[in-house]
Each structure stands twice: as C-alpha cells, then as structure tokens.
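The next block holds one structure in the form of structure tokens; read it before the comments.
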Amino acid sequence: QVQLVESGGGLVQAGGSLRLSCAASGRTFSSYAVGWFRQAPGKEREFVAAITWAGSSTFYADSVKGRFTSSRDNAKNTVYLQMNSLKPEDTAVYYCAATQGGYGPMARYDYWGQGTQVTVTA
C-alpha cells in the first residue's frame with residue numbers, strides 16, 4: 001500500500017514558479033514510477049509528467065515541456081514537480097499518482113494523492 005500527499009500548491013502570477021512535492025509512505029515507494037496529472041474546472045483530468053522509479057527517465061506533456069521538470073529523492077520518499085514560467089492555463093488541481101506498471105500517460109496508476117490547487121493569475 002502506498003499513500004501519497006501533495007503539497008506546494010498556491011497562488012502565483014504568470015511567469016512565476018512553484019515546486020510541488022509528492023510525499024509517499026510505504027517502504028517500496030522507490031519501486032514505483034510516479035505520474036503528475038491535473039484537472040481544471042469543467043475539464044477532464046490530463047497527464048502532465050512522469051518519472052521512472054529510479055528517476056532516470058522523465059516524460060512530459062507537450063503543453064508543459066521545457067517549463068516543468070520532475071525529479072525524485074527516493075531516500076526521502078518524495079517526488080517533485082518544478083513548474084516554471086507558469087501560465088494562467090496551468091491553473092488546476094494537481095495530483096500525483098504511483099504505478100508499478102510502466103510509466104507515462106498510458107500506465108495504470110494504482111495510488112493517487114488528494115491533490116493540491118495551483119492558481120496562476122494573469
């Protein structure tokens with residue numbers, strides 16, 4: 001069993017930065033790939049980024065490529081999403097999720113956090 005807790009969301013002006021954290025419980029978290037997703041009001045949840053269990057590979061949605069970076073510290077059971085050059089269209093609730101079945105937008109994610117709100121003002 002893995003429990004995930006996101007933090008680091010908030011209100012920021014366009015062009016600003018935030019770093020989200022996804023803290024996990026469970027001794028085997030280092031064996032899970034992690035994905036980041038977001039859901040804006042009235043829209044479907046969309047994939048944002050993913051990172052393999054070792055942190056050796058990452059994958060990003062085109063909409064955030066070059067602006068967002070995911071990393072992880074398995075010693076701290078934490079995955080990060082550094083978000084730079086934020087835009088109003090990045091406003092959403094951001095979720096992290098863990099999977100042992102591959103990684104990326106098509107993986108089956110078994111565990112989800114509760115989400116953290118990111119609001120970007122123009």
Side-chain angles (χ1 to χ4, degrees):
Q1 188 80 2
V2 174
Q3 292 184 324
L4 305 173
V5 178
E6 302 95 335
S7 62
L11 180 67
V12 64
Q13 288 187 330
S17 297
L18 285 173
R19 188 177 78 158
L20 304 184
S21 297
C22 174
S25 63
R27 293 178 297 172
T28 62
F29 179 66
S30 60
S31 67
Y32 286 79
V34 171
W36 289 94
F37 296 79
R38 65 187 181 187
Q39 187 166 20
K43 295 187 177 181
E44 293 188 353
R45 185 175 62 198
E46 65 173 349
F47 169 82
V48 175
I51 186 166
T52 56
W53 67 271
S56 55
S57 294
T58 52
F59 186 90
Y60 300 96
D62 287 343
S63 58
V64 306
K65 200 173 294 183
R67 300 188 298 122
F68 290 12
T69 303
S70 186
S71 61
R72 68 191 296 163
D73 185 342
N74 285 336
K76 296 183 178 179
N77 273 8
T78 303
V79 174
Y80 305 99
L81 184 67
Q82 178 67 43
M83 306 186 297
N84 298 328
S85 302
L86 283 162
K87 305 175 181 180
E89 50 263 45
D90 294 319
T91 295
V93 177
Y94 283 71
Y95 301 89
C96 64
T99 178
Q100 288 186 310
Y103 95 115
M106 303 307 294
R108 186 192 71 185
Y109 290 88
D110 299 308
Y111 303 101
W112 292 81
Q114 84 291 345
T116 185
Q117 176 70 46
V118 171
T119 303
V120 184
T121 60

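Counting from 1, the numbers follow the sequence of the chain as shown. All values below come from the heavy atoms of this structure, side chains included, with hydrogens, waters and symmetry mates left out.
- Note on residues 41-77: no pairs pass disulfide (SG to SG under 2.5 Å), not counting sequence neighbours.
- Remark: F68 engages no residue in a ring pair (Phe, Tyr, Trp, His ring centres under 6.0 Å) (not counting sequence neighbours).
- Within the structure, every pair that satisfies the disulfide (SG to SG under 2.5 Å) test and touches residues 5-104, not counting sequence neighbours, is listed here: C22-C96.
- Under the salt bridge (Lys or Arg N to Asp or Glu O under 4.0 Å) criterion, the residue pairs touching residues 104-122 are R108-D110, with sequence neighbours excluded.
- Looking only at side-chain heavy atoms (C-beta outward), Y94 and M83 come within less than 4.5 Å of each other.
- In plain terms, the two heavy atoms of G115 and V93 that are nearest each other are CA-CG1, 3.8 Å.
- Of all heavy-atom pairs between T121 and P88, the closest is C-CG, 4.4 Å.
- Remark: V12 pairs with L18, L86, V120 by the side-chain contact (heavy atoms from CB on, under 4.5 Å) rule, at least two apart or across chains.
- Sorted by first and then second residue, the salt bridge (Lys or Arg N to Asp or Glu O under 4.0 Å) pairs involving residues 91-102 (not counting sequence neighbours) form an empty list.
- Remark: R72 is positioned above the aromatic ring of F29, its terminal NZ or CZ atom under 6.0 angstrom from the ring centre and at most 45 degrees off the axis.
- Within the 4.5 Å cutoff, side-chain heavy atoms of Q82 are placed close to those of S17.
- Under the ring pair (Phe, Tyr, Trp, His ring centres under 6.0 Å) criterion, Y95 pairs with no residue at all, not counting sequence neighbours.
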Please test L20 against W36 for side chain to side chain contact (heavy atoms under 4.5 Å, CB included), starting from the C-alpha separation and ending with a verdict. CA-CA 10 Å; L20 304 184; W36 289 94; 3.8 Å; yes
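- Remark: R67 engages D90 in a side-chain hydrogen bond (donor to acceptor under 3.5 Å, both in side chains) (not counting sequence neighbours).
- The side-chain heavy atoms of W53 and Q100, taken from C-beta on, include no pair separated by under 4.5 Å.
- Listed here is the closest heavy atom pair of F47 and G104: CE1-C, 3.8 Å.
- Around the CD atom of Q117, the shell of radius 6.0 Å holds more than 12 heavy atoms that belong to other residues, nucleotides or ligands.
- Across all their heavy atoms, A40 and A92 have their closest contact at N-CB, 3.8 Å.
- Counting only N and O atoms by type, the side chains of E89 and T91 include no donor and acceptor under 3.5 Å apart.
- Evaluation of the side-chain contact (heavy atoms from CB on, under 4.5 Å) rule for S63 yields R38, A61 as partners, not counting sequence neighbours.
- You'll find the side chain of T69 stays beyond 4.5 Å of the side chain of T58, heavy atoms only.
- For T78, the side-chain contact (heavy atoms from CB on, under 4.5 Å) partners at least two apart in sequence or on another chain are S21, A23, K76, Y80.
- Taking all atoms of both residues into account, the shortest heavy-atom contact from V79 to S70 is CG1-OG, 3.8 Å.
- Applying the salt bridge (Lys or Arg N to Asp or Glu O under 4.0 Å) test to every pair with at least one member in residues 2-15, sequence neighbours left out, gives no pairs at all.
- A cation-pi arrangement is found for R45 relative to W112, the charged atom lying closer than 6.0 Å to the ring centre and inside a 45° cone about the ring normal.
- The side-chain contact (heavy atoms from CB on, under 4.5 Å) check on S57 picks up T52, Y103, with sequence neighbours excluded.
- When every heavy atom of G101 is checked against every heavy atom of A107, the shortest pair comes out as O-CB, 3.4 Å.
- Taking CD of Q1 as the reference point, atom OG1 of T28 lies at 10.0 Å (rounded to 0.5 Å).
- Between Y32 and Y111, some side-chain heavy-atom pair lies under the 4.5 Å cut-off.
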